[in-house]
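Chain naming here is simple, since letters A, B, ... match the order of the sequence lines and numbering starts at 1 in each.
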Amino acid sequence: MTRPVVTRFAPSPTGFLHIGGGRTALFNWLYARRFGGKMLLRIEDTDRERSTEPAIKAILDGLSWLGITWDGEVVYQFARAARHREVAEKLLAEGKAYHCYATPQELEEMREKARAEGRPMRYDGRWRDRDPSEAPAGVKPVIRLKAPLDGETVVNDHVQGRVVWQNKDLDDLVLLRSDGNPTYMLAVVVDDHDMDVTHVIRGDDHLTNAARQTQIYQACGWEVPEMAHIPLIHGPDGAKLSKRHGALGVDAYRALGYLPVALRNYLVRLGWSHGDQEFFTTEEMIAAFDLDSIGRSPARFDFAKLEHLNGHYMRSSSDSDLVDAIETILPEVGPPRGGPATLDAGMRAKFMAAMPGLKERAKTLIELLDSAYYLYASRPLTLEPKAEALLAEGGRVRVADLLPALEALAEWSTEAVEAAVRRFAEDRTLKLGQVAQPLRAALTGRATSPGLFDVMAVLGRDECIARLRDQAARVGA
RNA sequence: GCUCCCAUCGUCUAGCGGUCUAGGACGUCGCCCUCUCACGGCGAAAACAGGGGUUCGAGUCCCCUUGGGAGCGCCA
């Protein structure tokens with residue numbers, strides 16, 4: 001009776017996978033998983049002009065990076081053009097569609113006139129009931145759906161509720177172009193039907209299409225799938241997402257240092273909620289996801305919240321997973337920031353050792369990489385202004401003063417180093433911070449860093465002493 | 001212009017007629033912790049767009065206004 005759930009993600013390969021598409025894919029994926037169904041992937045490449053191979057690759061890579069998988073082979077819509085044509089011809093034969101010979105110029109005039117008269121811009125049906133014998137010679141016709149003239153078309157949407165259109169407001173859409181290729185409207189309906197799609201979950205920019213597609217389903221005598229039109233994601237300023245704020249490809253989020261698990265969690269809460277729960281494991285998301293809890297109003301993209309989630313997931317990631325994640329983006333993000341493009345065994349070991357302190361204070365992998373500067377920096381260190389200030393204000397003198405005690409240390413461990421520094425501070429009746437800050441500046445080139453003694457232990461005795469001597473040597477200079 | 005959708009703190013949202021002097025999260029601002037920065041803990045400021053109804057009772061239902069958004073192709 002009830003068919004197994006089949007959802008689909010159907011991007012057109014005219015660009016990268018943007019954040020809204022990523023969320024749509026996520027929702028489809030979650031819904032299918034929730035009900036033990038399948039999520040299919042269909043590339044809507046019927047626009048031969050704008051569809052590109054790199055875009056297809058970007059979409060597939062984007063989904064994979066996000067951790068979204070699809071079932072079965074990828075369906076390429078253009079390859080199914082013959083079947084779409086067949087359906088259009090069938091509709092034509094059944095009298096549910098007709099040839100229209102109106103030229104582009106005529107259609108343009110129609111729109112102009114309608115606009116001028118304040119009427120809705122729609123095809124006037126001039127070829128709807130004309131006899132085929134009136135067809136002008138040499139003009140290739142399109143096939144239009146003979147849509148109902150009166151009554152109403154209803155879409156019972158899981159998100160938007162019951163949405164009604166008066167059929168008089170809907171015109172006879174083109175099913176088959178004059179060149180014999182199907183339009184998107186026809187192709188979607190035929191493919192969703194043939195692929196046994198039970199639930200269409202997509203952006204609400206398709207809501208009006210849903211009405212027209214419903215008419216095609218009805219003309220074909222097919223069951224209309226369940227629909228869920230989810231609100232679009234807006235930029236931080238409330239306007240439509242543009243390249244300047246959120247409409248980046250998901251690959252951009254990877255380069256920005258976000259973790260897929262964090263992006264997924266952020267995205268799932270954009271438009272969907274489950275009581276007050278903010279954090280979801282993948283399993284929890286799947287178990288809790290449902291269409292009826294999706295909100296109807298558009299959401300704005302907020303990087304601050306994404307960062308918070310990302311920080312949360314970084315802190316709870318294992319050190320090795322984090323180092324792996326850094327290594328994968330390093331070739332792309334390392335060199336431009338003065339960092340390495342790869343980690344050799346020694347450097348990897350240092351990252352591993354420093355990771356507990358590093359991941360605790362970074363919100364993105366980029367921040368983490370930046371705060372790990374002291375690990376891969378070569379002497380003499382470049383001091384950021386705040387670090388320079390710490391050393392200039394008596395800091396170098398203090399470093400020089402402390403140096404002998406450190407050089408005399410028999411054992412170089414977090415504990416031993418800390419004890420030595422604390423003893424030094426006590427002897428001079430200084431607060432620990434008065435000693436620690438100049439030390440930090442000399443050792444890391446920064447005014448902030450992970451715990452100082454951990455830093456010293458990871459860096460090792462020789463490197464620490466050398467960096468401190470670099471600064472001590474500049475006393476009075 | 002026409003059709004359709006939407007409207008709770010700055011942002012994401014909870015709320016499905018009475019338990020709302022409206023809850024959580026991010027962000028913001030204090031305080032605590034503290035070698036810095038984060039984390040963490042405690043606390044604060046911060047919202048039902050406006051106006052009409054319906055009802056004993058409305059953030060919750062209806063209408064209007066205003067404000068957002070989407071669509072209106074032989075693009076998808």
Side-chain angles (χ1 to χ4, degrees), chain A residues 10-14 44-47 49-51 77 100 102 104 107-108 111 114-123 140-144 155 157 159-161 163-166 169-171 173-179 181-185 187-188 203-212 229 231-232 234 236 238-240 266 269-279 295-302 304-309 311-312 315 357 359-363 367 371 386 390 418 421-422 425 431-437 439-441 444 446-453:
Chain A
S12 58
T14 53
E44 312 226 307
D45 56 352
T46 54
D47 184 343
E49 300 287 308
R50 298 195 298 154
S51 297
Q77 189 162 61
C100 169
L107 296 174
E108 189 47 43
R111 279 190 280 271
R115 172 173 270 286
E117 295 173 9
R119 287 184 293 106
M121 292 178 267
R122 41 187 287 264
Y123 174 67
K140 290 232 181 181
V142 300
I143 294 180
R144 283 185 188 270
V155 171
D157 194 274
V159 173
Q160 309 291 342
V163 186
V164 181
W165 285 266
Q166 296 306 311
D169 294 330
L170 269 15
D171 62 1
L173 60 283
V174 174
L175 298 174
L176 204 67
R177 293 186 248 267
S178 52
D179 65 1
N181 284 129
T183 60
Y184 161 79
M185 220 56 92
V188 170
D204 73 6
D205 48 336
H206 286 283
L207 188 56
T208 44
N209 290 337
R212 328 194 72 181
H229 288 88
L232 270 20
H234 288 173
K240 192 179 175 185
Y266 177 71
R269 285 284 290 102
L270 222 47
W272 177 79
S273 61
H274 185 62
D276 284 337
Q277 190 171 352
E278 297 286 349
F279 294 101
R296 297 112 306 175
S297 53
R300 299 188 188 200
F301 195 89
D302 180 16
K305 188 151 187 178
L306 206 210
E307 293 219 331
H308 176 261
L309 284 171
H312 169 87
R315 270 173 264 128
K359 72 182 181 188
E360 185 71 25
R361 42 211 109 210
K363 290 201 167 66
E367 275 184 30
S371 62
K386 283 180 183 171
L390 282 169
E418 175 165 4
V421 175
R422 283 188 186 277
K431 286 186 189 168
L432 185 54
Q434 292 175 287
V435 183
Q437 280 304 81
L439 258 187
R440 185 188 316 281
T444 69
R446 306 287 172 78
T448 66
S449 81
L452 181 63
F453 308 115

- Item | Presence of donor-acceptor pair under 3.5 Å, side chain of A/Arg296 and base of B/C5 | no

- Item | Interatomic distance where CD belongs to A/Glu49 and C1' belongs to B/C74 [whole Å] | 13 Å

- Item | B/G41 versus B/G24 - spacing of their P atoms, nearest Å | 14 Å

- Message: I'd like to know if A/Asp276 reaches the base of B/G23 with its side chain such that a donor and an acceptor end up less than 3.5 angstrom apart.
- Response: yes

- For the side chain of A/Arg361 and the backbone of A/Gly357, is there at least one donor-acceptor N/O pair under 3.5 Å apart? yes

- Task: Searching all strands shown, indicate the nucleotide that pairs with B/C48 (Watson-Crick or G-U wobble; both distances under 3.5 Å).
- Result: none

- Query: Looking for any heavy atom pair under 4.0 Å, which part of the strands does A/Gly271 touch: base, sugar-phosphate only, or nothing?
  - Reply: sugar-phosphate

- Message: Minimum heavy-atom separation for A/Ala447 and A/Lys386, please, with both atom names.
- Response: CB-CB, 3.7 Å

- With sequence neighbours left out, the residues meeting ring pair (Phe, Tyr, Trp, His ring centres under 6.0 Å) with A/His308 are none

- Item | Taking every non-hydrogen atom, the tightest pair across A/Leu207 and A/Trp165 | O-CH2, 3.6 Å

- Rounding to the closest angstrom, what is the interatomic distance between B/C20 and B/C37 at atom P? 40 Å

- Query: Would you call A/Lys305-A/Asp302 a salt bridge at under 4.0 Å N-O?
  - Reply: no

- For atom CZ of A/Arg144 and atom C1' of B/C74, their distance in whole Å: 8 Å

- Query: Just checking A/Thr448: base, sugar-phosphate only, or nothing, at a heavy-atom cut-off of under 4.0 Å?
  - Reply: base

- Query: Rounding to a whole Å, what distance do you find between A/His312:NE2 and B/G24:P?
  - Reply: 19 Å

- Query: Is B/G27 paired to anything, Watson-Crick or G-U wobble with both distances less than 3.5 Å, and if yes, which nucleotide?
  - Reply: none

- With a 3.5 angstrom cut-off on both distances, give the Watson-Crick or G-U wobble partner of B/C16, or none if there isn't one. none

- Do the side chain of A/Arg440 and the main chain of A/Pro450 share a donor and acceptor less than 3.5 angstrom apart? yes

- If you measure from CG on A/Leu270 to CZ on A/Arg300, what distance do you get to the nearest 0.5 Å? 12.0 Å

- Query: Just checking A/Phe453: base, sugar-phosphate only, or nothing, at a heavy-atom cut-off of under 4.0 Å?
  - Reply: base

- Report the distance from atom NZ of A/Lys359 to atom P of B/C39, rounded to the nearest whole Å. 16 Å

- Which residue lies toward the 5' end of RNA chain B, A/Pro11 or A/Arg361, if each is placed at its nearest nucleotide? A/Arg361

- Task: Could you tell me the separation between the CD atom of A/Glu307 and the C1' atom of B/C12, rounded to a whole number of Å?
- Result: 15 Å

- Roughly, in whole Å, what's the span from CG in A/Asn181 to C1' in B/G73? 15 Å

- Message: Given B/G24, B/C74, B/A76, identify the nucleotide with an atom nearest to the side chain of A/His206.
- Response: B/A76

- Task: Taking atom P in both B/G40 and B/C4, compute the distance separating them and give it to the nearest angstrom.
- Result: 48 Å

- Message: Over all strands shown, is A/Ser297 touching base, sugar-phosphate only, or nothing at heavy-atom distances under 4.0 angstrom?
- Response: sugar-phosphate

- Pairing nucleotide - B/C72, Watson-Crick or G-U, each distance under 3.5 Å: B/G1

- Looking at A/Arg300, does any N or O in its side chain come under 4.0 Å of the phosphate oxygens OP1/OP2 on B/G10? no

- A/Val164 near the nucleic acid: base, sugar-phosphate alone, or nothing, with a heavy-atom cut-off under 4.0 Å? sugar-phosphate

- Give the nucleotide from the list B/A76, B/C5, B/C6 with an atom nearest to the side chain of A/Thr46. B/A76

- Query: Just checking A/Ala102: base, sugar-phosphate only, or nothing, at a heavy-atom cut-off of under 4.0 Å?
  - Reply: base

- Nearest to the side chain of A/Gln160, which nucleotide is it out of B/C5, B/G24, B/C74? B/C5

- Presence of A/Ser273 side-chain N/O under 4.0 Å of B/A14 phosphate oxygens OP1/OP2: yes

- Message: For a quick check of understanding: with a heavy-atom distance under 4.0 Å over all strands, which category does A/Val163 fall into, base, sugar-phosphate or nothing?
- Response: sugar-phosphate

- Note on the structure: Per-nucleotide protein contact along nucleotides 27-34 of chain B, 5' to 3', at a 4.0 Å heavy-atom cut-off (B base, S sugar-phosphate only, - neither), is --------

- Task: Select base, sugar-phosphate, or nothing to describe what A/Glu278 touches, counting heavy atoms under 4.0 Å on all strands.
- Result: base

- Task: Using Watson-Crick or G-U wobble geometry with both distances below 3.5 Å, tell me the partner of B/C61, or none.
- Result: B/G53

- Item | Under 3.5 Å donor-acceptor pair, A/Ser178 side-chain atoms to B/C74 base atoms | yes

- Note on the structure: Rounded to whole Å, CG of A/Leu207 lies from P of B/G68 at a distance of 21 Å

- Note on the structure: Here the distance between atom C1' of B/C4 and atom CG of A/Asn209, to the nearest Å, is 12 Å

- Query: Are the side chain of A/Thr14 and the backbone N or O of A/Arg50 linked by a donor-acceptor pair below 3.5 Å?
  - Reply: no

- Taking for each residue the nucleotide of RNA chain B with the nearest heavy atom, is it A/Ala299 or A/Asp205 whose nucleotide lies nearer the 5' end? A/Ala299

- Base-pairing assignment for B/A38 (Watson-Crick or G-U wobble, both under 3.5 Å): none

- Message: Given B/A76, B/U36, B/A70, identify the nucleotide with an atom nearest to the side chain of A/Leu232.
- Response: B/A70

- Is A/Gln160 reaching over with its side chain to a backbone N or O of A/His229, donor-acceptor style, under 3.5 angstrom? yes

